[in-house]
Protein chains: 4
Amino acid sequence: MSQQEPMEQWIQELAKLDDSDVKMTEKQLKIIQAAVEIFAEKGFAGSSTSEIAQRAGVAEGTIFRHYKTKKDLLLSIVAPMVSKLIGPFVWNEFKDVLEKDHSSLEEFLYDMAINRIKFTHKHLKIIKILLQEIPFQPDLKDAFKRQVGMKIFQRLSEIIEYFKSKGEVIDVPTQSVVRFIASSFIGLLASHFILMPDQPWDEEKEIRDMIQFIMNGLSGK
Amino acid sequence: MSQQEPMEQWIQELAKLDDSDVKMTEKQLKIIQAAVEIFAEKGFAGSSTSEIAQRAGVAEGTIFRHYKTKKDLLLSIVAPMVSKLIGPFVWNEFKDVLEKDHSSLEEFLYDMAINRIKFTHKHLKIIKILLQEIPFQPDLKDAFKRQVGMKIFQRLSEIIEYFKSKGEVIDVPTQSVVRFIASSFIGLLASHFILMPDQPWDEEKEIRDMIQFIMNGLSGK
Amino acid sequence: MSQQEPMEQWIQELAKLDDSDVKMTEKQLKIIQAAVEIFAEKGFAGSSTSEIAQRAGVAEGTIFRHYKTKKDLLLSIVAPMVSKLIGPFVWNEFKDVLEKDHSSLEEFLYDMAINRIKFTHKHLKIIKILLQEIPFQPDLKDAFKRQVGMKIFQRLSEIIEYFKSKGEVIDVPTQSVVRFIASSFIGLLASHFILMPDQPWDEEKEIRDMIQFIMNGLSGK
Amino acid sequence: MSQQEPMEQWIQELAKLDDSDVKMTEKQLKIIQAAVEIFAEKGFAGSSTSEIAQRAGVAEGTIFRHYKTKKDLLLSIVAPMVSKLIGPFVWNEFKDVLEKDHSSLEEFLYDMAINRIKFTHKHLKIIKILLQEIPFQPDLKDAFKRQVGMKIFQRLSEIIEYFKSKGEVIDVPTQSVVRFIASSFIGLLASHFILMPDQPWDEEKEIRDMIQFIMNGLSGK
DNA sequence: GATGAATGAGGGTTCATTCAT
DNA sequence: CATGAATGAACCCTCATTCAT
């Protein structure tokens, strides 16, 4: 519930990411809102276009005027999110970091955590939908692997290897290190947004603890 | 596909876990096999009983003679798995470990990893189905939280706190420590079984690396 | 409920009315009992053979060993009742009555009422089933018309005309007079057995009142 | 068959009796027509929606766009009839009659007969359906008892008691008198519309004879 | 004779999609 | 552009009936 208010913002952003730079009509916006909620509640296959139309307050036919099929509607919601998941990893050149001292890795991880938490908070429902549907939509899976998996992996790899070359990261395959970091991040997000969404938490401290754990884990001292 | 061969084994085990110790008929076994495959492929809501019947080589009505509803079929597959997920956490009394030296934690984590990897390998499809359906089946979610979440959390908590009291684990909330460990494990499993199922890996080494990462991360030196 | 006890009696009578003079097995008897109850509760089309089997405590297949089809089962219950409905109309020679004095008509009506009330009480459920199914089973309808409608009509007609010839019944078409009488009888039965089955009633008095009404109505004084 | 022509009239009336005063679409009308015919032919449980759709010349899905369930379709046909069955009993104040002379009872019965015969003629099929389904649909049974049974009974009771107080009706329980009258009426209707629908009859004379029978029967002279 | 697993046609109902208005 | 009635394939499920045991 509390995550809903900022929805209109990014929906409008969605419109801009689409191939069309036409702005969404009000009805279209309501359709997307309704679809997001219902897909998140019941899953794609478990949702009916008629229920979406009803919650959106439009006629059943209206949905199909804007989206050729039900799957089109799903993709229009979920596809723009794929590319945005990489978020801070493609931030303005990270080269600087590589030049800086050891504390910068912590800083980078911290910024990344803050950023991805905000992002998750804002787009929680869509992320849920995306994760639910990836196993069943090969095109989504491919797009995800290519645009998210590979990109993040490469970016992190560069960084890790830089620090490994400086002897500050233990001699463990880079791929594993990436996994350690990613797992920790995802674990944090999943824990607070999905497993225990109602339990309050000290974001700042949790991030710091996690980063300490990661840094210790990697330093190998 | 490659995970199919051992299926008959555990299906027969399923039968024994049921309240009835009656053995399954051959058709029933085929229905379960087909259902597991199709649910894993398309998700529960995306699967049709007629397709299951077809792949099982039985009449559609036959399914409903054994399982009152489609959801019943799902639960008969997925419910027995819930309790088995806790696996080694309820192993024969862990008290011993608590008495032993530091290396025992590593040992425990190692055994746990080996065991859960084997378990995941054996039951991969059903675990996928379970994870996919938990968000949409409140009863599953509850059973999962109660039987898996709580149990594992409590078990790990005891162990963590023991080592914390010995000063061998950094002063971070136990809940977070549990999460670090769980995330690392799940990350390993997801990585090799789901994200890159076809890529060969050195199980032994990966586990050792992960445990080293965790131990370093927690020791805080 | 209270009408159930005498059921076994007439079921055994059913057996004797059948073309086969073989006696029913115990299972067959239970099947009939269960079928009567369920047909009466839910109607023929609304009943399932599996429910009948269950209530009878036999296997589904057992029903079809004794009755080729579900409709056969219905007819085996309902057909023998058809002929018995004419009851006292084929009593041992009524000729006597025709010779006797006017009071005999009353006497005849009284005996008839008593008899049909007992009969209805005993066979209520089956009569309900019969009436429910007559509109949908042409063979039943024909049998009913031929064996019940015509016979009763002819019998009553003779009697009526005898009394008309004596000037004791108003000059109204015999067919109408028959209808007056039949309607009154059926109204009494329906009222007490179907519309208000739980309300106690003074059978004796109700019959007397009804007969008085009929006699007055027909005498035309 | 021969009663079909006036159907469209009252179907349109049905629409007006509904909570919505929206007019029916042409397809909806055809669905109702087909349903009435098939329900009357085979009974509710014995009819299939696919056959109804076929006879109505619409797709099966179309039925469910207008009526949520098959039972809904039944009720939409049969429910409006329930209240209309009481017909002339709620005619504009009957008090006048009570003031008038003895002949008024005859007049009332005559008007009632004429009116109910027309009504039955017009709605025969639906009345059949209603009577067939009342035993199996508790809600229908309740509505019928409350809206029809009680109302008619009370109305007739008042009238009967008035004439009893004037000494013009024999001293028999009012309830019985009501039953005599109702039985005679229903007998007449059943006889001509159901038992012998093809036999021509002199409506006027039959009614007069019946009323004479009733009046004689009640006067007790 | 009795069983009950198996059948497959058919049941009522839902649903994504179309199209005349 | 929006509507919502109409579609018909597909859905889950029930059922009368069969037949190997």
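Keep in mind it's a predicted model, so treat the numbers as computed, not measured.
- When Watson-Crick and G-U wobble pairs are counted only if both distances are under 3.5 Å, E:dG12 pairs with F:dC11.
- As a whole-Å value, the separation of B:E60 CD from F:dC15 C1' is 14 Å.
- Dashed line: the shortest gap from a side-chain N or O of A:K68 to OP1 or OP2 of E:dA16 is not under 4.0 Å.
- Closest heavy-atom contact between A:T49 and A:K70: CG2-CG, 3.8 Å.
- Within the structure, every side-chain polar atom (N or O) of D:K71 is placed at least 4.0 Å from both OP1 and OP2 of E:dG12.
- Taking side-chain N and O atoms only, A:H66 has no distance below 4.0 Å to OP1 or OP2 of F:dC1.
- For B:V58 and D:K70, each mapped to the nucleotide of DNA chain E holding its nearest heavy atom, the one lying further toward the 5' end belongs to B:V58.
- One interatomic measurement links the two molecules: CZ of C:F44 to C1' of F:dC15, which rounds to 12 Å at whole-angstrom precision.
- Summarising the geometry, the separation between NZ on A:K27 and C1' on F:dG4 is reported as 12 Å, rounded to the nearest angstrom.
- Summarising the geometry, the separation between CZ on C:R65 and C1' on F:dA16 is reported as 16 Å, rounded to the nearest angstrom.
- Considering only side-chain N and O atoms, D:T49 lies under 4.0 angstrom from the phosphate OP1 or OP2 of E:dG12.
- Applying the 4.0 Å criterion to OP1 and OP2 of E:dT3, one finds that C:T62 has a side-chain N or O inside that range.
- Spacing between atom CD1 of D:I52 and atom P of E:dG10 amounts to 17 Å, rounded to whole angstrom units.
- Remark: C:T69 is not in phosphate contact with F:dA16, judged by side-chain N or O atoms under 4.0 Å from OP1 or OP2.
- Rounded to a whole Å, the CD1 atom of A:I63 is 13 Å from the P atom of E:dT18.
- No donor-acceptor distance shorter than 3.5 angstrom exists from the side chain of B:K125 to the backbone of B:E41, with no hydrogens or angles considered.
- When every heavy atom of D:Q132 is checked against every heavy atom of C:P135, the shortest pair comes out as NE2-CG, 3.1 Å.
- Comparing C:G61 and C:G46 against DNA chain F, the residue whose closest nucleotide sits nearer the 5' end is C:G46.
- Residue D:I31 contributes atom CD1, which lies 7 Å from atom P of F:dA6 at whole-angstrom precision.
- Under the Watson-Crick and G-U wobble criteria, each requiring two contacts below 3.5 Å, nucleotide E:dT3 is paired to F:dA20.
- Rounding to whole angstrom units, CD of residue C:Q54 and C1' of E:dT3 are separated by 15 Å.
- In terms of modelled atom types and a separation under 3.5 Å, the side chain of C:S47 and the main chain of C:K42 share no donor-acceptor contact.
- B:I32 and B:S76 get closest at one heavy-atom pair: CD1-OG, 3.8 Å.
- Taking the nucleotide of DNA chain F with the nearest heavy atom to each of A:A59 and B:F64, the more 5' of the two is matched to A:A59.
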